[in-house]
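The structure presented is a predicted model; accordingly, all values stated were derived computationally and were not measured. Chain naming here is simple, since letters A, B, ... match the order of the sequence lines and numbering starts at 1 in each.
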Amino acid sequence: NTLIEGYCRKGNVKEALTLFNAMSRQGLRPDVITCNALITGHCKAKQFEEAKRLLKRMSSMGLAPDLVTFNKLVNGFSEQGMLDYAFQVRDEMVEKGFVPNAVTYTALIRALCKKGRTQEALQLLKEGTAEDGLMPDCVMYTILIHAHCKKGKTEEAMCLYDDMVERGLVPDIVTYNALINGFSKKGQIDKVKEIFNEMLKRNLVADRFTYTTLIDGLCKNGKLLEALGLLDDLRQKGLMLDVVVYNTLIDGLCKNEEMEKAENLQNLMRKDGLLPDSATYNPLIAGYCKKGNVQQALSLLSEAKERNIVPNARSYNCLINGLCSKGNTREAKKLFDEMLSRDLIPT
RNA sequence: GACAUCGGUGUCCAUAAU
């Protein structure tokens with residue numbers, strides 16, 4: 001079960017099913033836990049019908065689906081944006097006598113939020129509280145806060161925050177990160193600082209999400225030097241450095257056409273043992289093209305390809321644009337064909 | 001009998017550049 005679960009988590013249902021079949025051959029009966037894991041696997045692999053079929057097959061194997069089974073389905077469908085399926089499963093579990101719990105509601109609320117349907121999400125939370133004895137918790141509030149922030153509705157997000165605190169719930173680092181992200185994307189840096197201080201008051205320690213969020217916020221508000229300063233703090237602490245932190249800064253620098261600094265950071269990240277990924281290459285390629293340094297952009301492209309990383313369609317567009325404006329239409333056409341062969345869709 | 005399976009936050013892109 002542990003192995004099957006591992007493969008399923010990675011979205012490798014094939015391998016999981018091989019193990020599943022091997023189990024039977026060795027006379028080991030799959031149990032509910034095995035099936036629950038496979039449901040996750042199918043959902044991750046977007047095999048929604050398979051997931052539903054497995055639920056039906058469980059009964060014929062003499063296994064009774066439990067609350068986790070249903071929750072995994074609700075969650076799996078929600079994660080993939082399959083709202084209708086998710087609510088269908090909710091109805092089905094209710095029919096079977098299960099009471100949707102915090103996990104069920106959280107999954108559904110998140111699914112609605114992901115589609116921007118925050119009002120319905122709030123409504124569902126109310127419903128659950130009234131009908132199923134649901135106790136709204138920190139996670140649910142955080143999802144709602146996050147969703148409102150993403151829509152730019154920071155005021156509403158703040159009301160939700162106040163609401164949860166009034167109810168005696170304790171916001172955690174995730175809640176604060178969501179708020180910080182919302183306010184900094186809106187450019188309300190003073191509000192960000194206020195929230196950050198409140199976070200510190202609660203003895204919460206900034207994690208890599210907090211730092212990345214702060215760095216991104218500073219970059220997107222043109223405060224590149226401050227953002228670089230935060231990176232220095234992080235490096236001195238020697239912890240919490242990952243590709244995303246570097247990518248964030250590299251993007252900020254590239255968008256401001258500070259290619260030398262972006263180049264330095266790229267070297268620094270390699271020094272820290274981190275390898276660029278597509279989110280590193282894309283802004284760099286765009287930045288160099290914009291500056292007219294197509295050569296440099298092209299060499300990044302070939303490096304990415306060597307490492308089996310495919311830059312996105314926009315990177316190709318930038319390169320094609322750059323080559324054409326230098327009159328090198330032949331190379332541009334080559335890149336155009338190349339992007340087609342890589343299943344990238346021209347716009 | 002114990003243990004193992006379910007929910008939230010960050011970067012490019014997606015909402016974009018020419």
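- The residue A/Arg314 sits close to a base: some heavy atom pair falls under 4.0 Å.
- Using a 4.0 Å heavy-atom distance criterion, A/Cys289 is classed as making no nucleic acid contact.
- When rounded to the nearest whole Å, the span between CG of A/Asn75 and P of B/rG8 equals 6 Å.
- Atom CG in A/Asp242 sits about 12 Å away from atom P in B/rU11, given to the nearest Å.
- Comparing B/rG8, B/rU11, B/rC6 by their nearest atom to the side chain of A/Thr212 picks out B/rU11.
- Around OH of A/Tyr7, the count of heavy atoms belonging to other residues, nucleotides or ligands within 6.0 Å does not exceed 12.
- Nearest nucleotide to the side chain of A/Val174, out of B/rU9, B/rU5, B/rG10: B/rU9.
- Taking atom NE2 of A/His146 as the reference point, atom P of B/rG8 lies 11 Å away to the nearest angstrom.
- A donor and an acceptor atom never sit less than 3.5 Å apart when one is taken from the side chain of A/Asn321 and the other from the base of B/rU18.
- Following rounding to the nearest Å, A/Leu144 (CG) and B/rU9 (C1') show an atom-to-atom distance of 14 Å.
- Remark: the A/Thr106 side chain and the B/rG7 base include a donor-acceptor N/O pair separated by less than 3.5 Å.
- Side-chain proximity of A/Asn36 to B/rU5, B/rG10, B/rU11: nearest is B/rU5.
- Judged by distance alone with a 3.5 Å cut-off, a donor-acceptor contact links the side chain of A/Asp172 to the base of B/rG8.
- In this structure, A/Leu319 places its CG atom 16 Å from P of B/rU18, rounding to the nearest Å.
- A/Arg110 has a side-chain polar atom (N or O) that falls below the 4.0 Å cut-off from OP1 or OP2 of B/rG8.
- Using a 4.0 Å cut-off, no side-chain N or O of A/Arg9 falls inside it from OP1 or OP2 of B/rA4.
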Check the pair A/Glu127, A/Tyr105 against side-chain hydrogen bond (donor to acceptor under 3.5 Å, both in side chains), reporting the backbone distance first and the verdict last.
CA-CA 10 Å; A/Glu127 262 175 47; A/Tyr105 274 99; 5.8 Å; no
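- On the C1' atoms, B/rA4 is 27 Å away from B/rU9, given to the nearest whole Å.
- Judged by atom type and distance alone, A/Asn71 reaches the base of B/rC6 through a side-chain donor-acceptor pair under 3.5 Å.
- Across all strands, A/Lys151 comes closer than 4.0 Å to no nucleic acid atom at all (heavy-atom distances).
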Go through the steps to decide whether A/Tyr176 and A/Tyr161 satisfy the test ring-ring contact (aromatic ring centres under 6.0 Å, His included), and finish with yes or no.
CA-CA 9 Å; A/Tyr176 284 106; A/Tyr161 170 82; 5.8 Å; yes
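- Taking atom C1' in both B/rC6 and B/rG10, one finds a spacing of 24 Å when rounded to whole Å.
- At the heavy-atom level, A/Asn317 lies under 4.0 Å from base atoms of the strands shown.
- If you take atom C1' in B/rG7 and the same atom in B/rA2, they sit 25 Å apart, rounded to whole Å.
- Across all strands, A/Thr175 comes closer than 4.0 Å to base atoms (heavy-atom distances).
- The base of B/rG10 is not paired with the side chain of A/Asp207 by any donor and acceptor separated by under 3.5 Å.
- For B/rC13, one of the phosphate oxygens OP1 or OP2 lies less than 4.0 angstrom from a side-chain nitrogen or oxygen of A/Lys255.
- Below 30°, between 30° and 60°, or above 60°: for A/Phe70 and A/Phe98 the angle between ring planes is between 30° and 60°, a tilted geometry.
- Going from atom CZ of A/Phe183 over to atom P of B/rU9 covers 18 Å, rounded to whole Å.
- Distance check on atom P: B/rC13 versus B/rU18 gives 13 Å, rounded to whole Å.
- Taking atom CG of residue A/Asp31 and atom P of nucleotide B/rA4, one finds them 14 Å apart after rounding to whole Å.
- Each of A/Glu156, A/Lys151, A/Lys153 was evaluated against A/Thr118; a single residue qualifies, A/Lys151, per the side-chain contact (heavy atoms from CB on, under 4.5 Å) test.
- To the nearest whole angstrom, the two P atoms, one in B/rU15 and one in B/rU11, are 16 Å apart.
- Side-chain atoms of A/Glu79 lie closest to B/rG8 of the nucleotides B/rG8, B/rU5, B/rG10.
- A/Val243 comes within 4.0 angstrom of nothing in the nucleic acid, heavy atoms only.
- Nucleic acid contact class of A/Lys220 (heavy atoms, under 4.0 Å, all strands): sugar-phosphate only.
- At whole-Å resolution of the value, NZ in A/Lys72 and C1' in B/rA4 are 11 Å apart.
- Among the heavy atoms of the strands, none lies under 4.0 Å from A/Asp277.
- A/Asp31 and A/Thr34 share a donor-acceptor pair across their side chains, judged by distance under 3.5 Å alone.
- A salt bridge links A/Arg110 and A/Glu79; the closest N-O separation between the charged side-chain nitrogens and carboxylate oxygens is under 4.0 Å.
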